[in-house]
There are 2 protein chains.
Amino acid sequence: VIRTEKLTRAYSMGENAITALREADLTVHAGEFVALMGASGSGKSTLLNLLGLLDHATSGEYFLEGKPVSSLRRDELADLRGRRIGFIFQNFNLLARLSAWENVALPLAYRQGEFKHQDQLDRAREALARVRLEHRVEHNPMELSGGERQRVAIARALVTQPAVILADEPTGNLDSNTGVEIMRLLKELNAEGRTIIMVTHDASVARNASRLYHMRDGMLKEDE
Amino acid sequence: VIRTEKLTRAYSMGENAITALREADLTVHAGEFVALMGASGSGKSTLLNLLGLLDHATSGEYFLEGKPVSSLRRDELADLRGRRIGFIFQNFNLLARLSAWENVALPLAYRQGEFKHQDQLDRAREALARVRLEHRVEHNPMELSGGERQRVAIARALVTQPAVILADEPTGNLDSNTGVEIMRLLKELNAEGRTIIMVTHDASVARNASRLYHMRDGMLKEDE
Ligand SMILES: Nc1ncnc2c1ncn2[C@@H]1O[C@H](COP(=O)(O)OP(=O)(O)OP(=O)(O)O)[C@@H](O)[C@H]1O
Ligand SMILES: Nc1ncnc2c1ncn2[C@@H]1O[C@H](COP(=O)(O)OP(=O)(O)OP(=O)(O)O)[C@@H](O)[C@H]1O
Ligand SMILES: [Mg+2]
Ligand SMILES: [Mg+2]
């Protein structure tokens with residue numbers, strides 16, 4: 001369902017170029033659970049942002065469900081991003097002026113007219129209950145702990161029931177017990193048929209996946 | 001050097017009150033290295049923010065270097081906060097429009113006229129080199145990875161050579177190797193005589209400390 005060929009992302013800064021991702025070849029089949037590890041700054045978030053259509057590559061190609069992403073129009077990309085992909089950001093990306101449930105319902109609210117207010121609230125409450133935050137539904141991000149914000153970000157990624165879940169350090173701010181619960185949730189979702197690509201620094205978290213990749217200085221390599 | 005008596009922090013939300021910290025009694029002597037663990041939402045950041053003078057308690061008292069904090073004037077508090085305490089935030093709190101080195105130099109820049117521009121740049125570069133970011137000095141936060149931002153936040157906390165370092169999840173976004181390097185740095189600083197209070201979810205990180213506290217539903221308890 002996901003295939004990249006020599007995917008590259010470089011940034012130019014003055015006269016220097018920083019190649020954050022170098023010719024990455026990745027193949028993930030529908031329903032797989034893939035983990036990605038590597039040192040800080042090695043290019044993991046860069047790859048994940050490309051896969052989530054949040055960024056565009058400098059060169060190389062990315063095929064999502066068979067379609068080359070570079071040939072898609074802006075509205076087609078936006079549609080794929082909104083309907084097929086759930087993204088858990090490393091730094092959460094919550095909106096400070098919205099409550100937890102409104103943040104979670106945002107992907108639904110974006111789909112003009114498709115979900116009534118009560119529908120959005122019900123689905124958001126349900127997603128928040130799955131990450132044990134039913135008692136924080138009305139809090140806004142500044143009134144939540146670090147791990148609570150992370151869980152809101154997780155709930156938001158799940159509310160559209162996406163085919164592909166891209167998780168960037170989903171347990172980085174969680175105590176080990178809460179982390180285990182989140183991994184159990186991700187395994188359930190994977191068992192339902194959803195494809196999961198997860199970046200993590202924690203080897204015990206990576207063990208939940210069926211395949212492991214490593215990144216080093218922008219280069220991707222599968223573990224045997 | 002740090003002592004709290006029945007320190008309490010509650011938030012009122014409509015008719016409900018959330019007691020994030022309940023009557024915490026903590027004693028830390030100069031030069032100690034204390035770790036604090038506990039579930040997500042248990043009150044760790046709340047306690048650390050009170051210790052760092054970033055928040056004020058609802059009741060109870062906090063004695064910093066013998067002085068009851070509730071009796072200090074605003075300028076005295078600001079002075080203590082700027083000179084004696086280095087704070088590593090769980091969510092980094094970097095300024096998006098400043099480069100890494102400018103973010104690190106901010107605590108020095110605040111001390112009107114004390115540090116010339118070149119002085120600030122030198123000290124910031126040195127602090128960034130200690131966290132292995134000498135090659136990212138001019139990047140601004142949006143051009144840095146999650147772990148790089150965390151390391152900028154760490155460097156900023158150290159640039160004033162503080163007597164007390166309060167670290168909230170200092171390795172949450174770091175791969176294990178980089179995490180080990182940061183812990184080695186903190187142990188060095190502790191060996192130099194600085195007091196460290198560190199919140200962490202990682203038992204192997206907590207092991208670097210000489211004392212361990214646990215928090216649960218706002219209640220603080222020392223491990224025996
Ligand atoms: N906009 C940008 N301009 C220049 N360099 C950038 C930019 N964004 C990222 N980088 C650099 O690209 C490299 C890879 O970043 P990336 O965020 O992918 O790392 P990562 O593997 O996710 O790291 P971490 O584990 O710390 O989150 C980093 O060294 C970073 O400094
Ligand atoms: N401004 C606020 N208003 C209401 N409740 C709040 C506010 N700030 C924090 N809380 C609540 O206080 C509790 C403790 O928060 P705190 O940030 O101290 O937790 P923590 O132990 O640091 O958690 P984590 O490990 O997830 O970072 C949380 O349940 C949170 O929802
Ligand atoms: Mg990252
Ligand atoms: Mg916290």
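Note on naming: letters A, B, ... go to the chains in the order of the sequence lines (proteins, then strands), and numbering restarts at 1 for each one.
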Worksheet item: With Ser40(B), which of Arg151(A), Glu181(A), Arg149(A) fulfils side chain to side chain donor-acceptor pair (under 3.5 Å)?
Response: Arg151(A)
Practice prompt. Answer yes or no: does atom CZ of Arg211(A) have more than 12 heavy-atom neighbours from other residues, nucleotides or ligands under 6.0 Å?
Written response: yes
Practice prompt. Answer with side chain, backbone, both or neither: which region of Ser45(A) has an atom nearer than 4.5 Å to a non-hydrogen atom of chain B?
Written response: neither
Discussion item. Does Arg81(A) have more than 12 heavy atoms from other residues, nucleotides or ligands lying within 6.0 Å of its CZ?
Written reply: yes
Discussion item. Please report the interatomic distance CG(Asn91(B)) to CE(Met142(A)), rounded to the nearest 0.5 Å.
Written reply: 7.0 Å
Practice prompt. Examine whether an atom of Ile18(A) lies under 4.5 Å from a heavy atom of chain B, and if so say whether it belongs to the side chain, the backbone or both; otherwise answer neither.
Written response: side chain
Response to the item:
Highest number of heavy-atom pairs under 4.5 Å with chain B among Asp168(A), Leu174(A), Thr46(A), Leu144(A) belongs to Leu174(A)
Discussion item. With chain A as the partner, which of Met13(B), Glu143(B), Glu148(B) has the greatest number of non-hydrogen pairs under 4.5 Å?
Written reply: Met13(B)
Worksheet item: Between His201(B) (side chain) and Asn173(A) (backbone), is there a donor-acceptor pair under 3.5 Å?
Response: yes
